[in-house]
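Heads up, the thing below is written out as structure tokens.
Residues take their numbers from the sequence shown, with the count starting at 1.
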Amino acid sequence: MIASDHGGVELKDALVAYLRERGEEVRDLGTTGTASVDYPDYARAVAERVSHGEAERGVLMCTNGIGMSIVANKFPGVRAALVHDVTEARMAREHNDANVLVLGGGMTGKFHARELLRIFLETPFAGGRHQRRVDKIADIEREIGLGPAKGAL
């Protein structure tokens, strides 16, 4: 699952092409042009599907990535990480089992974004002591009434 608002659409389109080159199945949830749209609608489209187990991972882009991150992390089971460099991309997966990658479309070059996405997709979760911490996140979601999402795996 991948989506962006108008501020990330150019980068999204480049990453969709990259993912297809890799042989990945890609579901592009929009937007398709540079006309102004509201980022919460696109963040929700991806995060809801990840939360419900319809997608294992997602990718989101807006101009700076902050808005998309805020919205995506409202959904139970979603661990969205706004990533700027390769270390953050690797650690988001290894330490946090992040399942949504967020990029700033106006701040991340296409080549760099491809590398961040590659690392995000290829890096496994380390488990161990990190599993305990991810479990605590899920416990917090349940305690405050956020999860798991109905129909989640």
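- When every heavy atom of C62 is checked against every heavy atom of D5, the shortest pair comes out as CA-OD1, 3.2 Å.
- One distance of note links CE of M68 with CD1 of I66; it measures 12.5 Å at 0.5 Å rounding.
- Checked against side-chain contact (heavy atoms from CB on, under 4.5 Å), E21 has the following partners two or more places apart in sequence or in another chain: Y18, R114.
- Considering only heavy atoms from C-beta on, L121 comes within 4.5 Å of L19 through its side chain.
- Going from atom CZ of R22 over to atom CG of L117 covers 7.0 Å, rounded to the nearest 0.5 Å.
- For H95, the ring pair (Phe, Tyr, Trp, His ring centres under 6.0 Å) test picks out H130, with sequence neighbours left out.
- A heavy-atom distance below 4.5 Å is found between the side chains of V59 and M61.
- Evaluation of the side-chain contact (heavy atoms from CB on, under 4.5 Å) rule for E143 yields D139 as partners, not counting sequence neighbours.
- With sequence neighbours left out, the salt bridge (charged side-chain N to carboxylate O under 4.0 Å, His left out) criterion links K110 to E10.
- With sequence neighbours left out, the salt bridge (charged side-chain N to carboxylate O under 4.0 Å, His left out) criterion links R44 to E48.
- Expressed to the nearest 0.5 Å, how far NE2 of H112 lies from CG of L116 amounts to 4.0 Å.
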For a quick test of your reading: what N or O donor-acceptor pairs under 3.5 Å do the side chains of residues 25-38 make, sequence neighbours left out?
residue, atom, partner, partner atom, Å
D28, OD1, K12, NZ, 3.0
D28, OD1, G30, N, 2.9
D28, OD2, K12, NZ, 2.8

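- By the criterion of side-chain heavy atoms lying less than 4.5 angstrom apart, applied directly or through intervening Ile, Leu, Val, Met, Phe, Trp or Tyr residues, V102 is not grouped with F120; the two fall into different hydrophobic clusters.
- For R20, there are no salt bridge (charged side-chain N to carboxylate O under 4.0 Å, His left out) partners at least two apart in sequence or on another chain.
- Judged by distance alone, the side chain of R49 and the main-chain N or O of A45 form a donor-acceptor pair under 3.5 Å.
- Grouping Ile, Leu, Val, Met, Phe, Trp and Tyr by side-chain contacts under 4.5 Å, direct or through others, puts V134 with F125.
- Without hydrogens or angle criteria, S51 side chain to A47 main chain gives no donor-acceptor distance under 3.5 Å.
- Checked against side-chain contact (heavy atoms from CB on, under 4.5 Å), A113 has the following partners two or more places apart in sequence or in another chain: L11, L15, L103, T108.
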Quiz: residues 74-87 side-chain donor-acceptor pairs under 3.5 angstrom, not counting sequence neighbours:
residue, atom, partner, partner atom, Å
R79, NE, N96, O, 3.2
R79, NE, D97, O, 3.0
R79, NH1, G77, O, 3.3
R79, NH2, D97, O, 2.9
R79, NH2, D97, OD2, 3.3
H84, ND1, E88, OE1, 3.2
D85, OD1, T87, N, 3.0
D85, OD1, E88, N, 2.8

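- Using a 4.5 Å heavy-atom cutoff, the side chains of L101 and R57 are not in contact.
- V100 and I119 sit in two unconnected hydrophobic clusters of ILVMFWY residues. Membership requires side-chain heavy atoms under 4.5 Å apart, directly or through other members.
- Here the OH-CG distance, from Y39 to L60, works out to 12.0 Å after rounding to the nearest 0.5 Å.
- Checked against salt bridge (charged side-chain N to carboxylate O under 4.0 Å, His left out), R90 has the following partners two or more places apart in sequence or in another chain: E94.
- Pairs engaging residues 58-67 under the salt bridge (charged side-chain N to carboxylate O under 4.0 Å, His left out) rule: none recorded [sequence neighbours left out].
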